[in-house]
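The structure appears below as structure tokens.
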Amino acid sequence: MASPSTVAATLSCSSSSWLHGFAGPTNEISKFPDKRIPMLVLAQKKAKKTRKIILKEDVIDLGKRGQLVDVKAGYYRNFLLPTGKAQIVTPGLFKEMQMEEERIEAEKKRVKEEAQQLALIFETVGAFKVKRKGGKGRQIFGTVTAQDLVDIIKAQIQRDVDKRIVSLPEIRETGEYIAELKLHPEVTAQLRLNVYAN
């Protein structure tokens, strides 16, 4: 077992070699009159306090489903993650999200083109003939409804159309009218109706 004096000598030697690493040899330390040793302090970066996430469902005041947002780490950890409303973005998930967006955009484009083709068909067909029981003068009994127009379209060109997209003026007399079909948010078809009495 080592004596206490050898342990003290070893400590003083190792502590002086520790000081050499910061301030050089011990005789340079004596150059400072008040015997202070200059210390090197390294600053560390602050921890990242935001997280980049993808929303799995709509969150009020944050964003819609599938949107990429930055949120504070605590908000994600304490609210969004336990409720299952968000997921942290990983490269694989980000790539998958982009592919899904591209697929949705392609589907929207296809639906719009289909609606434009249908609008072209409606406008080239000509006037749809609507027969109603005639009254006094040019008046007809009842009116022509959206459901009547849907039935006529089905009979004449074999196309199914939802009656909710049909916009008709009020038709109570014989004559020619223009109806509008809202086939897509950006595509509206106009078709002519020829109402006559039998």
Side-chain angles (χ1 to χ4, degrees), residues 40-130 143-171 176-195:
L40 180 63
V41 178
L42 298 173
Q44 292 182 342
K45 284 185 173 179
K46 284 188 171 184
K48 197 175 188 183
K49 295 192 178 188
T50 61
R51 300 279 184 263
K52 194 171 276 295
I53 61 164
I54 295 176
L55 296 174
K56 289 183 178 179
E57 56 186 73
D58 293 354
V59 178
I60 298 170
D61 296 332
L62 189 59
K64 299 211 176 278
R65 182 180 188 274
Q67 193 174 355
L68 191 67
V69 292
D70 287 327
V71 295
K72 292 194 174 183
Y75 182 58
Y76 170 73
R77 183 178 58 247
N78 296 325
F79 176 68
L80 295 173
L81 182 63
T83 56
K85 294 184 177 191
Q87 187 174 358
I88 286 194
V89 176
T90 60
L93 187 63
F94 186 69
K95 187 175 181 181
E96 186 179 307
M97 188 179 83
Q98 283 181 330
M99 288 173 57
E100 181 69 17
E101 280 181 18
E102 289 171 3
R103 188 190 64 75
I104 289 170
E105 287 299 318
E107 180 68 20
K108 284 181 182 178
K109 186 177 179 183
R110 186 191 63 76
V111 168
K112 184 178 177 184
E113 287 174 357
E114 212 172 83
Q116 287 172 338
Q117 289 175 355
L118 193 57
L120 188 64
I121 289 170
F122 283 136
E123 290 171 2
T124 56
V125 163
F128 288 92
K129 293 183 175 133
V130 182
T143 63
V144 178
T145 64
Q147 184 61 50
D148 294 332
L149 183 57
V150 168
D151 294 339
I152 291 167
I153 291 171
K154 175 92 172 160
Q156 288 186 10
I157 61 171
Q158 289 77 37
R159 292 283 183 159
D160 287 323
V161 177
D162 188 4
K163 72 177 184 177
R164 292 175 290 190
I165 66 168
V166 177
S167 173
L168 277 174
E170 190 172 323
I171 302 173
E176 196 164 297
Y177 298 91
I178 301 285
E180 288 188 348
L181 299 175
K182 187 89 169 163
L183 301 170
H184 185 269
E186 299 173 15
V187 180
T188 303
Q190 291 188 341
L191 50 104
R192 292 178 308 156
L193 295 174
N194 194 357
V195 181

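We're numbering straight along the sequence, starting at 1.
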- Message: Restricting to non-hydrogen atoms, name the atom on Gln156 and the atom on Phe128 that form the minimum distance, rounded to 0.1 Å.
- Response: OE1-CD2, 2.9 Å

- For residues Asp162 and Val166, report the shortest heavy-atom separation together with the two atoms involved. O-CG2, 3.9 Å

- Query: Ion pair present between Glu114 and Arg110, side-chain N to carboxylate O less than 4.0 angstrom?
  - Reply: yes

- Query: Of the options Lys108, Glu107, Lys109, Glu113, which is the one that meets Val111 in a side-chain contact (heavy atoms from CB on, under 4.5 Å)?
  - Reply: Glu107

- Query: Taking the side chain from Asp58 and the backbone from Arg65, do they hold a donor-acceptor pair closer than 3.5 Å?
  - Reply: yes

- Query: From Lys182 NZ over to Thr188 OG1, what is the distance, rounded to the nearest 0.5 angstrom?
  - Reply: 4.0 Å

- Message: What I'd like to find out is whether the side chain of Val89 reaches to under 4.5 Å of the side chain of Met97, using heavy atoms alone.
- Response: no

- Task: Return the minimal non-hydrogen interatomic distance between Leu183 and Ala189, and the atom names on each side.
- Result: CD1-CB, 3.8 Å

- If you measure from NZ on Lys95 to OG1 on Thr90, what distance do you get to the nearest 0.5 Å? 12.0 Å

- Got Val161 and Phe122 here, is their nearest side-chain heavy-atom distance under 4.5 Å? yes

- Nearest-0.5 Å distance, CD1 of residue Ile54 to CD of residue Glu100: 11.0 Å

- Query: For the side-chain contact (heavy atoms from CB on, under 4.5 Å) test, which of Leu149, Thr145, Val144, Val130 pairs with Ile171?
  - Reply: Val144

- Kindly give the heavy-atom pair with the smallest separation between Ala146 and Leu168, and that separation in Å. N-CD1, 3.5 Å

- Taking every heavy atom of Pro82 against every heavy atom of Arg77, the minimum-distance pair comes out as CD-O, 3.3 Å

- Message: If you define the side chain from C-beta out and look only at heavy atoms, does anything of Ile153 sit under 4.5 Å from Leu181?
- Response: yes

- Query: What's the spacing between Lys112 NZ and Glu186 CD if we round to 0.5 Å?
  - Reply: 4.0 Å

- Quick one: pull up CD in Gln98 and CG in Leu68 and give me the separation to the nearest 0.5 Å. 9.5 Å

- Task: Report the C-alpha separation of Lys85 and Lys56 in whole Å, then their side-chain angles, then the decisive distance to 0.1 Å, and conclude whether the side-chain contact (heavy atoms from CB on, under 4.5 Å) test is met.
- Result: CA-CA 5 Å; Lys85 294 184 177 191; Lys56 289 183 178 179; 5.7 Å; no

- Note on the structure: Closest non-hydrogen contact found for Leu62 with Val69 is O-CG1, 4.0 Å

- Rounded to the nearest 0.5 Å, how far does CG of Leu80 lie from CD of Glu57? 9.5 Å

